[in-house]
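Written out below as structure tokens is the structure these notes cover.
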Amino acid sequence: GGAGAARALARAKVIDAVARDRQYAVDAAIVRVMKARKTLPHQQLLAEIFSRLKHPATAADVKLRIESLIEREYLERDAHQPDFYNYLA
């Protein structure tokens, strides 16, 4: 029936919105940590992020957000220490 399909669509939209909100939360946490620390190794950044997040996230989720922030030039990989990230203001 139409009602079931409408409910499924509404649910998908909510799940989408939650996923987007969580991405923003991860991005914001990464930027806050890196702004304060300037330079961090990958594992330490992950540890800081996990301690700040209110929702469950995987290392893979966070890594994707780090990659996105690098693409958008908020962060860069350190030229001399590839497992370190630098904050770009």
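- For Thr58, the side-chain contact (heavy atoms from CB on, under 4.5 Å) test picks out Ala60, Asp61, with sequence neighbours left out.
- By the side chain to side chain donor-acceptor pair (under 3.5 Å) test, Arg52 pairs with no residue at all, sequence neighbours left out.
- Here ring pair (Phe, Tyr, Trp, His ring centres under 6.0 Å) pairs that include residues 11-38, with residues two or more places apart or in two chains, number zero.
- Residue pairs meeting the salt bridge (Lys or Arg N to Asp or Glu O under 4.0 Å) criterion with at least one member in residues 76-89, sequence neighbours excluded, are Glu67-Arg77.
- The distance from the NZ atom of Lys38 to the OH atom of Tyr87 is 6.5 Å, given to the nearest 0.5 Å.
- Rounding to the nearest 0.5 angstrom, the gap separating the CG atom in Leu69 from the CD1 atom in Ile30 is 5.0 Å.
- Scanning for salt bridge (charged side-chain N to carboxylate O under 4.0 Å, His left out) contacts around Arg37 gives Glu48, with sequence neighbours left out.
- Legend: ring pair (Phe, Tyr, Trp, His ring centres under 6.0 Å) pairs involving residues 50-84, not counting sequence neighbours: none detected.
- Taking both residues in full, the closest heavy atoms of Val62 and Ala57 are given as CG2-CB, 4.4 Å, listed atom of the first, atom of the second, then distance.
- For Arg72, the salt bridge (charged side-chain N to carboxylate O under 4.0 Å, His left out) partners two or more places apart in sequence, or in a different chain, are Asp27.
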side-chain contact (heavy atoms from CB on, under 4.5 Å), that's the test. Do Leu75 and Leu88 meet it? Break it down for me.
CA-CA 5 Å; Leu75 307 177; Leu88 304 172; 5.7 Å; no

Enumerate, atom names and distances included, each donor-acceptor pair closer than 3.5 Å involving a side-chain atom of residues 40-47, sequence neighbours excluded.
{"residue": "His42", "atom": "ND1", "partner": "Tyr85", "partner atom": "OH", "Å": "2.9"}

Would you list the atom pairs, donor with acceptor, under 3.5 Å between side chains in residues 12-23 and any protein atom, with sequence neighbours excluded?
none

